[in-house]
There are 2 protein chains.
Amino acid sequence: MYLVPMDDPARRLTRSDAESLAARFKLLADPGRVQIVYALLESGELRVGDIARIVGASESATSHQLRQLRMAGLVNANRTGREVHYRIADIHVRLLLDVAVEHYLHDHGDHR
Amino acid sequence: MYLVPMDDPARRLTRSDAESLAARFKLLADPGRVQIVYALLESGELRVGDIARIVGASESATSHQLRQLRMAGLVNANRTGREVHYRIADIHVRLLLDVAVEHYLHDHGDHR
DNA sequence: TGCACATATGAGCAGATGTTCATGTATCTT
DNA sequence: AAGATACATGAACATCTGCTCATATGTGCA
């Protein structure tokens, strides 16, 4: 029993759903941000300076990247003294990244 | 017994691994491409014209998008007469997209 | 209060991305 | 062969991204 008529077994994505999904994927569509997210998932919590060092980017560039992740609700920031600690806020990104790592990194040889 | 020294339990992503992952995510970082991939997963196989209609884009724009997906090995093309049929070539993208749809579309309310 | 440290932010800029428009290629029909 | 159909491709262009550099904000310390 559903309210919206479906015209077939093959459901379609509305434009707006596709935009939501693309926006999520876009957050992980940059090597720097992937490294940031991965590092946070592994470490639990990191300071901006540490993240910059891990990623190998300037602190300014890192801060800009973190802002995007923050504004998208993927991470959250937490000030302690003059340091700001970041952690993952979106619990789903772990699975998403795990699936990608598992399939596109480990298992070289049957990508398709 | 391992050959490469690891400095902690928190493994790090090399730059090049992060680039591979980001490149994969980038393919899904556009609403049109998400719709294309989704439609192909649902339908199994589609002609370029149908894809263009589903996505609501011109055939030219659609063809350009398909080329990207093709060159990345995510889809493959198959000519039958004057039509070209596309299908998913990367078996892993289904899981990746399913996870995203499940978490970011259905389950509105505990994204983070 | 003055200064150093940690991070954030805005402007400006170079490179990437996605579209359109014109044209090219392959196939079918007559 | 000529024209129509289906798709691909290249160039041009507007927009978006991510970086740097300069500057601002917040915090601790002398």
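Naming: A, B, ... by sequence-line order, numbering from 1 per chain.
- If you check every strand for non-hydrogen atoms under 4.0 Å, E59(A) touches a base.
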Checklist entry - Run the side-chain contact (heavy atoms from CB on, under 4.5 Å) check on I51(B) and I54(B) step by step: do they pass? => result CA-CA 5 Å; I51(B) 295 172; I54(B) 290 172; 5.7 Å; no
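- R82(B) pairs by the side-chain contact (heavy atoms from CB on, under 4.5 Å) definition with nothing, not counting sequence neighbours.
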Interface polar pairs with nucleotides 20-22 of chain D, N/O, under 3.5 angstrom:
{"from": "dT20(D)", "atom 1": "OP2", "to": "S58(A)", "atom 2": "OG", "distance (Å)": "3.0"}
{"from": "dT20(D)", "atom 1": "O4", "to": "H64(A)", "atom 2": "NE2", "distance (Å)": "3.2"}
{"from": "dC21(D)", "atom 1": "N4", "to": "S60(A)", "atom 2": "OG", "distance (Å)": "2.8"}

Next on the checklist: What verdict does the side-chain contact (heavy atoms from CB on, under 4.5 Å) test give for V93(B) and L28(B), after you've listed the backbone C-alpha separation in whole Å, the side-chain angles of each residue and the deciding distance to 0.1 Å?
Outcome noted: CA-CA 9 Å; V93(B) 77; L28(B) 296 173; 4.1 Å; yes
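- The separation between N76(A) atom CG and dA8(C) atom P is 13 Å, rounded to whole Å.
- Of the residues listed (V48(A), I36(A), L46(A)), the one engaging Y86(A) in a side-chain contact (heavy atoms from CB on, under 4.5 Å) is V48(A), and it is the only one.
- Listed pair Q65(A) / dC19(D) meets the phosphate criterion, a side-chain N or O lying under 4.0 Å from OP1 or OP2.
- Side-chain nitrogen and oxygen atoms of R70(A) include at least one within less than 4.0 Å of the OP1 or OP2 phosphate oxygen of dT9(C).
- The shortest distance between side-chain heavy atoms of Y104(B) and L96(A) falls below 4.5 Å.
- Atoms CD (Q68(B)) and P (dT17(C)) sit 8 Å apart, rounded to a whole Å.
- Y86(A) has no side-chain polar atom (N or O) that falls below the 4.0 Å cut-off from OP1 or OP2 of dA6(C).
- Taking the charged nitrogens against the carboxylate oxygens, R24(B) and D90(B) do have a contact shorter than 4.0 Å, which makes a salt bridge.
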Checklist entry - Hey, mind stepping through E42(A) and R12(B) against side-chain contact (heavy atoms from CB on, under 4.5 Å) and telling me if it holds? => result CA-CA 8 Å; E42(A) 291 291 325; R12(B) 276 183 202 161; over 6 Å; no
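- In terms of the salt bridge (Lys or Arg N to Asp or Glu O under 4.0 Å) criterion, residue partners of R15(A) (sequence neighbours excluded) are, by chain and number, E19(A).
- L69(A) places its CG atom 10 Å from the P atom of dG18(D), with the value rounded to the nearest Å.
- For dA16(C), neither phosphate oxygen OP1 nor OP2 lies less than 4.0 angstrom from any side-chain nitrogen or oxygen of K26(B).
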Checklist entry - Going 5' to 3' along nucleotides 24-30 of chain C, which nucleotides have protein heavy atoms under 4.0 Å from the base (write B), which only from the sugar-phosphate (write S), and which from neither (write -)? => result ---BBS-
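- Contacts between residues 29-37 of chain B and DNA chain C, counted as heavy-atom distances below 4.0 Å, involve D30(B), R33(B).
- With sequence neighbours excluded, no residue forms a side chain to side chain donor-acceptor pair (under 3.5 Å) with R94(B).
- Here the side chains of R87(A) and V75(A) are not in contact, with every heavy-atom distance at 4.5 Å or above.
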